[in-house]
*Asks:* 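Just dropping this structure here.
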Amino acid sequence: MTTLKMRTWVFASLLTLGAVSAHAELVVIVNPKNAAASLTTEQVAALYLGTTTTFPDGGGVALADQPESAGARNDFYQKATGRSAAQVKATWARITFTGKGTPPKELKSDADVKAFVAGDPKAIGYIDSSAVDGSVKVALKL
């Protein structure tokens, strides 16, 4: 193998490894005071698609979202709802226009989502699993 081919192969291999590690595990988090010990994908989808506005125990919900530019946002919506972030945004536009709900609060980062959830017993959000600590409770792994 020539030196150029070898370098190309090594570079391509490194890119592939980087792409694999970029797909970290997302988790749905709630406040530790929240009664929900765990949630199903269907329950999370219903919350983030606006078809329900309460947790399974009837408690109110404050939804947190990642920024539109974050790769985690589209990954979350694909895994949790089977829809793209753009499709979910369109759903929320309809819900907001009809006055039937308020879209999730868009925050800047995992740290901001975690702080929001830690500070509000009604809050729910999603972050990279590596960012989880004792200030929040994991309700679902995606």
Side-chain angles (χ1 to χ4, degrees), residues 1 4-142:
M1 189 180 295
L4 180 58
K5 285 183 182 179
M6 178 70 90
R7 286 183 185 165
T8 303
W9 181 83
V10 169
F11 182 71
S13 297
L14 290 173
L15 284 177
T16 303
L17 287 174
V20 170
S21 66
H23 289 279
E25 182 179 47
L26 288 175
V27 292
V28 176
I29 56 170
V30 296
N31 185 285
K33 294 178 183 173
N34 190 304
S38 66
L39 295 168
T40 66
T41 304
E42 293 78 16
Q43 290 168 324
V44 171
L47 291 168
Y48 275 89
L49 293 174
T51 57
T52 188
T53 58
T54 62
F55 281 107
D57 70 350
V61 174
L63 300 167
D65 211 347
Q66 296 277 350
E68 280 190 57
S69 61
R73 184 171 174 152
N74 204 51
D75 287 349
F76 167 75
Y77 283 116
Q78 284 293 333
K79 291 176 181 179
T81 70
R83 298 181 186 181
S84 70
Q87 289 171 314
V88 173
K89 184 177 181 180
T91 297
W92 278 107
R94 280 192 308 279
I95 293 169
T96 303
F97 180 74
T98 60
K100 294 182 179 177
T102 304
K105 181 175 182 159
E106 186 174 316
L107 300 167
K108 294 181 182 181
S109 66
D110 280 349
D112 289 343
V113 170
K114 185 171 61 172
F116 177 79
V117 171
D120 185 347
K122 301 180 304 181
I124 183 172
Y126 58 93
I127 60 175
D128 185 274
S129 62
S130 66
V132 172
D133 61 23
S135 67
V136 295
K137 177 171 60 173
V138 174
L140 176 66
K141 292 181 181 183
L142 296 171

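Below, each value reflects all heavy atoms present in this structure, side chains not excepted, and no hydrogens, waters or symmetry copies.
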*Asks:* Which heavy atom of Q87 sits nearest a heavy atom of S84, and at what distance?
*Replies:*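 In terms of heavy atoms, the two residues are closest at OE1-N, 2.8 Å.
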*Asks:* Has N74 got a side-chain atom pairing as donor or acceptor with A85's backbone, closer than 3.5 angstrom?
*Replies:* yes
*Asks:* Roughly how far, to the nearest 0.5 Å, is the CG atom of D128 from the CG atom of L26?
*Replies:* 6.5 Å
*Asks:* Specify the closest pair of heavy atoms between A45 and A80, including all atoms of both residues, with the distance to one decimal.
*Replies:* CB-O, 3.2 Å
*Asks:* What closest approach, in Å, do G125 and V113 show between heavy atoms, and which atom pair accounts for it?
*Replies:*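 Where G125 meets V113 most closely, the heavy atoms are CA-CG1, 3.9 Å.
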*Asks:* Between T81 (side chain only) and Q78 (backbone N and O only), is there a donor and an acceptor less than 3.5 Å apart?
*Replies:*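 Not confirmed, T81 side chain does not pair with Q78 backbone.
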*Asks:* Rounded to the nearest 0.5 Å, how far apart are OG1 of T52 and CD of E42?
*Replies:*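 Answer rounded to 0.5 Å: 13.5 Å.
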*Asks:* Quick check: do L49 and R83 have side-chain heavy atoms less than 4.5 Å from each other?
*Replies:* yes
*Asks:* Run the side chain to side chain contact (heavy atoms under 4.5 Å, CB included) test against T53 and tell me which residues pass, sequence neighbours left out.
*Replies:* none
*Asks:* Could you tell me the separation between the CG atom of D110 and the OG atom of S129, rounded to the nearest 0.5 Å?
*Replies:*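 Rounded to the nearest 0.5 Å, the CG-OG separation comes to 9.5 Å.
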*Asks:* Ignoring hydrogens and geometry, is there a side-chain-to-backbone donor-acceptor pair from N31 to A118 under 3.5 Å?
*Replies:*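 Yes, because the side chain of N31 sits within donor-acceptor range (under 3.5 Å) of the backbone of A118.
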*Asks:* What closest approach, in Å, do A64 and P104 show between heavy atoms, and which atom pair accounts for it?
*Replies:* C-CB, 4.2 Å
*Asks:* Measuring from atom CD of E106 to atom NZ of K89, what distance do you get when rounded to the nearest 0.5 angstrom?
*Replies:* 8.0 Å
*Asks:* Are any non-hydrogen side-chain atoms of P103 and I95 less than 4.5 angstrom apart?
*Replies:*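 No, too far: nothing below the 4.5 Å cut-off.
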*Asks:* Supply the atom-to-atom distance Q43 CD to T54 OG1, rounded to the nearest 0.5 angstrom.
*Replies:*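 Answer for the CD-OG1 pair, Q43 versus T54, is 10.0 Å.
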*Asks:* Calculate, to the nearest 0.5 Å, the distance between atoms CG and CG belonging to L63 and L47 respectively.
*Replies:* 6.0 Å
*Asks:* For residues 132-142, run the donor-acceptor check on the side chains, cut-off 3.5 Å, and write out each pair with its distance to 0.1 Å, sequence neighbours left out.
*Replies:*
unit_1, atom_1, unit_2, atom_2, d
D133, OD1, S135, N, 2.9
D133, OD1, S135, OG, 2.5
D133, OD2, K114, NZ, 3.0
K137, NZ, N34, O, 2.6
K137, NZ, A36, O, 3.2

*Asks:* Output every pair passing ring-ring contact (aromatic ring centres under 6.0 Å, His included) with a member in residues 57-99, not counting sequence neighbours, ordered by first then second residue.
*Replies:*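 Of all non-adjacent pairs touching residues 57-99, those that pass ring-ring contact (aromatic ring centres under 6.0 Å, His included) are Y48-F76, F76-Y126.
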*Asks:* Taking all atoms of both residues into account, what is the closest heavy-atom pair of G60 and F55, and its distance?
*Replies:* O-CD1, 3.4 Å
